[in-house]
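Structure, as structure tokens:
As the structure is a prediction and not an experimental result, all values here were calculated from the model.
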Amino acid sequence: MKVTVTGGTGFIGQQLVLRLVQRGDSVRILSRRSPSQAKIPGAQIFYGDLCDPETRLENFVDGADVLYHCAGVISDTERMHDVHVQGTDRLLAASQGRIGKWVQLSSVGAYGPVSSGMVTEEWPESPVGVYERTKTESDRLVRAVSDKGAFPAVLLRPSIVYGPDMRNRSLFQLIRMIDRGLFFFIGAPGATVNYVHVANVVEALICCGIDGRANGNTYIISDHRSLEEFVGIIAMALDRPVPHRRIPLPLAHFIAFIGGWIPGFPLTKSRVQAISNRAVYSSGRIQNELDCVFRIGMEQGIRQMVETVKHRRAHDAFR
Ligand SMILES: NC(=O)c1ccc[n+]([C@@H]2O[C@H](COP(=O)([O-])OP(=O)(O)OC[C@H]3O[C@@H](n4cnc5c(N)ncnc54)[C@H](OP(=O)(O)O)[C@@H]3O)[C@@H](O)[C@H]2O)c1
């Protein structure tokens with residue numbers, strides 16, 4: 001199969017490219033980086049920028065059976081509209097008549113901040129925040145072009161994607177807090193965590209790309225555990241006692257408020273929300289409709305993360 005990948009040098013995209021190459025697909029990736037930084041064994045690099053009118057995106061996409069659109073901006077809000085909305089718009093214009101199918105790496109952020117309940121693909125879109133709004137706008141552009149018959153499209157919406165190379169440090173920080181005995185629960189038991197291992201996101205993307213039954217659909221991909229189970233898995237992998245201290249929610253909000261004045265204070269307002277959240281994102285639809293094999297369970301994935309933390313600690317101590 002001929003495939004093209006935007007974001008193929010990123011945390012998720014790079015794992016996708018390696019897996020596609022391993023499958024024997026002919027892979028072309030788009031990158032703004034220098035040749036030495038963008039090199040991925042087995043993949044052809046097309047140097048360019050989604051936002052640069054000089055980049056001939058027609059040449060990048062031409063002849064692809066599947067285009068995986070994984071480029072995105074995670075933290076620089078100033079660039080999000082340009083990349084997610086205008087960049088996607090340019091890529092869509094270039095792709096019409098030139099590709100067989102579009103697979104879009106979206107986000108559960110499209111459903112907005114949900115604090116409880118089971119979120120499925122039927123949940124109404126109500127994104128809040130620049131990242132979430134621009135990602136959802138990108139999805140709407142893709143659906144509109146696909147609905148006009150240009151090509152079939154599939155949207156894949158992961159929750160937080162984790163893996164040893166993840167750029168978001170919050171899971172590593174949680175592991176270190178549990179390791180140092182500094183972790184405490186907030187509020188009543190039963191909060192949930194929603195994470196998905198990068199290898200499972202890659203399998204889901206490929207399923208969406210090769211399975212015609214996925215065409216026109218949106219799929220959530222996520223794994224979840226209660227916070228107590230999740231923390232227990234980490235503590236066991238670290239060979240540390242399972243934490244049991246718990247503070248009331250109003251006290252946590254107060255500490256986060258006071259800590260807000262201290263640069264780098266670990267308990268922020270958004271972290272309090274994250275570790276007292278009770279929403280669950282359901283992967284039921286993709287598991288029932290497609291033949292995806294999700295290779296990494298939460299226990300195995302978390303053990304891998306803990307091993308990464310231990311390895312880095314040993315490496316730092318050695319230096
Ligand atoms: N990480 C998560 O937890 C998570 C969760 C849900 C959804 N997602 C979505 O998954 C996608 C990938 O996330 P990630 O964590 O892998 O991100 P990442 O590691 O920050 O990688 C971003 C990628 O986007 C490319 N890119 C950015 N601006 C570009 C531009 N103007 N032109 C061309 N390429 C551009 C970069 O390519 P170069 O630097 O090589 O040009 C890089 O490959 C994003 O769309 C994100 O919204 C991520």
Side-chain angles (χ1 to χ4, degrees), residues 11 108 114-118 158-201 221-283 294-319:
F11 161 53
V108 295
V114 185
S115 55
S116 63
M118 170 81 78
S159 57
I160 302 173
V161 184
Y162 75 100
D165 298 325
M166 71 193 291
R167 307 205 203 294
N168 177 338
R169 310 318 291 163
S170 58
L171 184 51
F172 290 116
Q173 284 165 356
L174 176 65
I175 293 171
R176 289 201 185 94
M177 281 183 76
I178 295 170
D179 193 24
R180 291 175 190 152
L182 298 175
F183 179 84
F184 47 83
F185 293 100
I186 293 174
T192 50
V193 283
N194 292 272
Y195 277 100
V196 55
H197 194 278
V198 63
N200 297 343
V201 176
I221 173 126
S222 183
D223 201 352
H224 62 88
R225 292 287 184 280
S226 73
L227 184 61
E228 288 75 16
E229 287 170 323
F230 190 71
V231 167
I233 296 169
I234 296 174
M236 268 167 38
L238 285 164
D239 209 12
R240 293 275 188 261
V242 177
H244 59 272
R245 278 175 299 168
R246 191 174 288 278
I247 65 166
L249 188 57
L251 178 61
H253 279 300
F254 179 70
I255 296 171
F257 175 74
I258 300 293
W261 301 98
I262 306 166
F265 191 72
L267 196 63
T268 59
K269 193 176 157 210
S270 60
R271 208 161 274 175
V272 172
Q273 266 160 1
I275 54 178
S276 50
N277 195 298
R278 278 149 203 272
V280 166
Y281 294 89
S282 167
S283 294
F294 297 121
R295 293 180 298 145
I296 311 266
M298 190 76 105
E299 285 72 11
Q300 187 187 351
I302 293 305
R303 277 199 302 276
Q304 185 191 46
M305 297 300 286
V306 167
E307 285 311 311
T308 305
V309 170
K310 285 182 182 169
H311 180 78
R312 287 184 189 162
R313 197 172 45 201
H315 183 259
D316 290 347
F318 183 71
R319 281 199 305 169

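The line from CG of D239 to NZ of K310 is 7.0 Å long, rounded to the nearest 0.5 Å. One distance of note links CZ of R303 with CD of E299; it measures 7.5 Å at 0.5 Å rounding. Atom NE2 of H224 and atom CZ of R278 lie 14.5 Å apart (nearest 0.5 Å). Of the inter-residue distances, the one linking F172 atom CZ with D179 atom CG reads 13.5 Å to the nearest 0.5 angstrom. Taken from CG in N200 to OG in S283, the straight-line distance is 9.0 Å, to the nearest 0.5 Å. Atom CG in L238 sits 12.0 Å away from atom CE in M305 (nearest 0.5 Å).
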Report the C-alpha distance between I302 and Y162 in whole Å, list the side-chain angles of each, state the deciding distance to 0.1 Å, and finish with yes or no for side chain to side chain contact (heavy atoms under 4.5 Å, CB included).
CA-CA 9 Å; I302 293 305; Y162 75 100; 4.2 Å; yes
Test side chain to side chain contact (heavy atoms under 4.5 Å, CB included) on L227 and T192 and set out the steps.
CA-CA 5 Å; L227 184 61; T192 50; over 6 Å; no
Going through the checks in order, is the side chain to side chain contact (heavy atoms under 4.5 Å, CB included) test met by I234 and L174?
CA-CA 9 Å; I234 296 174; L174 176 65; 4.0 Å; yes
Evaluate the side chain to side chain contact (heavy atoms under 4.5 Å, CB included) criterion for residues F294 and I221: first the C-alpha distance (whole Å), next the side-chain angles of each, then the deciding distance (0.1 Å), finally the verdict.
CA-CA 10 Å; F294 297 121; I221 173 126; 3.3 Å; yes
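Closest heavy-atom contact between A199 and R295: CB-NH2, 3.8 Å. Of all non-hydrogen atoms in A256 and T268, the two that sit nearest each other are CB-C, 3.8 Å. The nearest pair of heavy atoms linking T308 to P164 is OG1-CB, 3.6 Å. The two residues A252 and L267 have their closest heavy-atom pair at O-CD2, 3.9 Å. For the pair R225 and D223, the tightest heavy-atom approach, listed with the atom from each and the gap, is NH1-OD1, 3.3 Å. Shortest non-hydrogen contact noted between S159 and V108 is CA-CG2, 3.6 Å.
Judged purely by distance below 3.5 Å, without hydrogens or angles, the side chains of H197 and Q300 never pair a donor atom with an acceptor atom.
Taking 4.5 Å as the limit, every side-chain heavy atom of V198 sits out of range of all side-chain heavy atoms of M166.
Taking the centre and axis of the six-membered ring of F183, the NZ or CZ atom of R240 falls outside the cone set by 45° and 6.0 Å.
At most 12 non-hydrogen atoms from other residues, nucleotides or ligands lie less than 6.0 angstrom from CZ of F254. For M236, the CE atom is loosely surrounded, since the number of other residues' heavy atoms within 6.0 Å does not exceed 12.
With hydrogens and angles ignored, the 3.5 Å screen pairs a side-chain donor or acceptor of N194 with a backbone N or O of Y281. With hydrogens and angles ignored, the 3.5 Å screen pairs a side-chain donor or acceptor of N277 with a backbone N or O of V114.
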